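Step one of this worksheet: look at the structure below.
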Amino acid sequence: MVESVNVIGRGRVGSALAARLDERGIPLREDGELALLCVPDTAIREVAQGLSPGPGWIGHVSGATPLSALDPHERRFSLHPLQTFTRSRGPEQLDGAWAAVTAETEDARALGFEVAELLGLTPFELADDKRSLYHAGAAVASNYLVTLHRVASELFAAAGAPPEALDPLMRRTIENGFELTGPIERGDWDTVEAHREAIRGVRPDLEPLYDVLAEATARNPAPGASKAGTSALCRPPSSLRS
């Protein structure tokens, strides 16, 4: 059982973790048995080197940074909360989220899982050499969702439609388990081509993005797509093959 933690860095992630630990009655002390680095990725190595190795543990919460950044410390692990954080909210941001734990020993793995569960996270093990691939997936799911929302909002605004009307649509897509609907699922390539022409007329710079997304959607049908739709998905029009 973790008895005390030194949360180093109180940004968006660090403040939420510290608040949750405080809720759970874990003392937050500079001499805590676990030093948890919640600093920017570029600062992890420098901060770790500035801490004297001792009998305690050290961990970082970065998704992409390898454990070697914690050298020369040997009692180490990483715990990455798979969540997006904002300063306007508190420790409830951790509720229902998962956490990637990377460790080199069974003791480190056990401690990482214990801390994750203490924070209210569901832990899973992640190999150190797979961190960049894992983090790329997380970036696509979170960061690029922001980009897609911005692009869709710009198209709505150009059409005279209220961009805020997109929010319930995006939430329902998630609630429906990301089940694919719409023209590509139906194999309606005439509508897809009409989309491209309309975008070309008002925002030609966005047409390549639409094409990439359409092609990726056609080549990777979602589980549960209709048989007819899946057949059509595999045959994008020549305009998207060039």
Side-chain angles (χ1 to χ4, degrees), residues 1-135 137-139 142-143:
M1 176 67 181
V2 177
E3 296 183 356
S4 59
V5 179
N6 179 18
V7 177
I8 300 176
R10 299 295 179 91
R12 288 178 295 179
V13 179
S15 59
L17 299 190
R20 174 51 54 86
L21 290 170
D22 185 56
E23 280 184 349
R24 299 292 163 88
I26 304 300
L28 302 175
R29 303 200 314 246
E30 289 188 9
D31 61 348
E33 63 173 308
L34 165 63
L36 195 58
L37 307 190
C38 302
V39 298
D41 291 9
T42 55
I44 291 175
R45 189 177 300 275
E46 180 180 356
V47 173
Q49 290 176 349
L51 298 174
S52 299
W57 289 88
I58 187 171
H60 70 63
V61 300
S62 168
T65 305
L67 287 177
S68 60
L70 295 176
D71 287 343
H73 303 270
E74 296 182 357
R75 305 186 76 197
R76 63 194 188 186
F77 66 90
S78 74
L79 185 160
H80 177 245
L82 187 55
Q83 184 58 282
T84 180
F85 294 86
T86 175
R87 290 181 181 273
S88 63
R89 300 181 62 189
E92 74 279 359
Q93 297 178 88
L94 297 162
D95 296 338
W98 293 64
V101 174
T102 300
E104 297 162 313
T105 67
E106 185 55 37
D107 285 348
R109 176 187 176 279
L111 181 59
F113 271 54
E114 176 187 329
V115 174
E117 291 168 354
L118 182 64
L119 292 167
L121 302 166
T122 300
F124 62 92
E125 193 166 6
L126 178 68
D128 200 36
D129 62 352
K130 301 297 184 183
R131 299 179 69 84
S132 291
L133 187 62
Y134 153 81
H135 202 250
S142 179
N143 302 161

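A quick note: this is a predicted structure, and the numbers were derived from the prediction, not measured.
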Minimal non-hydrogen separation, Leu119 against Arg20, with atom names: O-NH1, 2.8 Å

Charged tip of Arg109 within 45° of Phe113 ring normal and under 6.0 Å: yes

Straight-line distance of Leu36 CG to Trp57 CH2, nearest 0.5 Å: 13.5 Å

Val2 backbone acceptor or donor facing Glu114 side chain under 3.5 Å: yes

Short side-chain to backbone donor-acceptor contact, Arg29 and Ser4, under 3.5 Å: no

Qualifying residue, where the test is side chain to side chain contact (heavy atoms under 4.5 Å, CB included) with Ser68 and the options are Leu70, Thr65, Asp71: Asp71

Any donor-acceptor pair under 3.5 Å from Gln93 side chain to Thr86 backbone: yes

Ser78 side chain vs His60 backbone, donor-acceptor pair below 3.5 Å: no

Donor-acceptor contact present, side-chain Arg131 to main-chain Leu67, <3.5 Å: no

Glu3 side chain vs Glu33 backbone, donor-acceptor pair below 3.5 Å: no

Donor-acceptor under 3.5 Å (Asp41 side chain, Ala64 main chain): no

Whether over 12 other heavy atoms sit under 6.0 Å from Glu92 CD: yes

Gap separating the NE2 atom of His73 from the CG atom of Leu51, nearest 0.5 angstrom: 5.0 Å

Atom CD of Glu30 with >12 non-hydrogen neighbours under 6.0 angstrom: no

